[in-house]
Amino acid sequence: SRGLFMLTSEQKSALAKLSKATLVGFVSEVQGVDKLLDKKIERLLLQSDKPKLIKKLTSNLKGLRRRHAFVEYWRVSEFATELQYLADDIMSLYPEQADICLNLLELFLESSNSSLQRCEDNGEVAKIYRSAAESWLTVASKCYEQEKLSLPMDEQDILSQAWQQKIKTLIDENDYGFGHIYGTKEALIEGINQLLSESEIVGLIEDYEQYYESLFEQGSSETIKSLSTKRSYDHSRANHQEKLKTEVTLIRLVRALGNVVLFEKVYLRIYPKDAITNQQLNELLQFMIDNKAYEIAEHYLNNEWTSKTNQEQVKRLDWLSEIYQKQGDSTAQLKTLSEAFELYSTPSRLKAIMTIASPAEQSQWRKRAYNLANEQSDIIMAIALLLEIGKTDIANQVAVARYNEFADIHYERLTQLLKELPESTQLIQVIIYRSLISDILDNARSKAYS
């Protein structure tokens, strides 16, 4: 980790003026003082001998894959620093030795599953592997372009298939923590346009579709076997996990491609329309809106979305409001926002309404918000609405009249509200602080709000 003392640009300039002998003498003196510093010196020395650096990196990366020791929480930062050093040293070979750099990055990525499994908290480590995956795409793109220039046209298709298989292997081998925001697999798929053409990505998708279909065939035969053996049940479970992994990979690949027609086809193959849930529809709708397929998204909201609860009905209206906003249809947007606000009266929805409403409409909505605030059973929502329309004095009065209701609200919500309240709400703040103090005393929460 970096110390508190950092060199200024002037100090760096002064160091640059020192003789080599002086700097070599200093490095010699500090060598052996600290293990981390020794590693930095070793890395610095290896930079002057690339063959030795490559040999050392290869050995270290192969050793990394063989490690099994668990990395406790307090040692994760140290391990992450080690990994970052490896990644930095690998990338120091680029672009001069791109092929070797690519091979070393692949060795590094091969250790991701093992490294992430061994860490008590792998968020910091996962970020490094994701960054390495992004670096792999950069280096791979350079290597692929160089290979295409060196091969005749009749061999280009073979080369294309080889690179499709290369990235497919990397995607399939990096499964740990799939769905993690910093996932290695996610990085490879999200950046796949950087390496492969649209037709190559389509080819990759078709490969996964064929594999996905084969899993269903395997599942049918295993179901028959499961009547007689328990082992086949285990196979069936493994088959189910493989289906789930393949589904996620397929969806992410088609999303990265950005092809609306293909995404809808693949998505509905995985989640049939007659059984699709609102949660799954959310993913489909987000893709359609991101890719400006507004009419298709609106069709699903009007014909496939099921609003069994108030929450689902509000969510549907929010989606429609977003579509109308992107289409520039303020009339339709105001209508859906109004319907959503009547169902769930939040300050954010009121603010959105005020942004597009005419002055006359704004006056009407202030009155409506005032009435809805008085009807609110949730004291926090009532106060928030009153503050949004500038009724601070009334908000203070409501808080005083309903002070006992604050005792039923979770302390995290109260502490968050305190951060958001304006200075003119001293009475509300005093009531909240009294409620928090009472909660601490009643429940002996000596560290509850630290």
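We use all heavy atoms of the structure for the numbers below, so side chains are in, but hydrogens, waters and symmetry mates are not.
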Steps toward salt bridge (Lys or Arg N to Asp or Glu O under 4.0 Å) verdict (Glu72, Arg75): CA-CA 5 Å; Glu72 291 86 354; Arg75 290 185 53 231; 3.5 Å; yes
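Across all non-hydrogen atoms, the minimal contact from Ile356 to Ser330 is CD1-O, 3.8 Å. Between Val260 and Asn291, the shortest heavy-atom contact is CG2-CB, 3.8 Å. Residue Ser358 comes nearest to Glu361 through the heavy atom pair N-OE1, 2.8 Å, listed as atom of the first residue, atom of the second, then distance. Of all heavy-atom pairs spanning Trp319 and Leu301, the tightest one is CB-CD1, 3.6 Å. The nearest pair of heavy atoms linking Leu7 to Gln11 is CA-OE1, 3.3 Å.
For NZ of Lys50, the number of neighbouring non-hydrogen atoms (other residues, nucleotides, ligands) closer than 6.0 Å is greater than 12.
A cation-pi geometry, defined here as NZ or CZ lying under 6.0 Å from the six-membered ring centre and within 45° of its normal, holds between Lys243 and Phe216.
Remark: aromatic rings of Tyr129 and Phe108 are close, center separation under 6.0 Å.
Looking only at atom types and distance, the side chain of Glu200 has a donor-acceptor partner in the side chain of Ser160 under 3.5 Å away. A donor atom on one side chain and an acceptor atom on the other are not found under 3.5 Å apart for Asp329 and Gln333.
Taking the six-membered ring for Trp and thresholds of 30 and 60 degrees, Tyr267 and Phe263 have nearly parallel ring planes, at less than 30 degrees apart.
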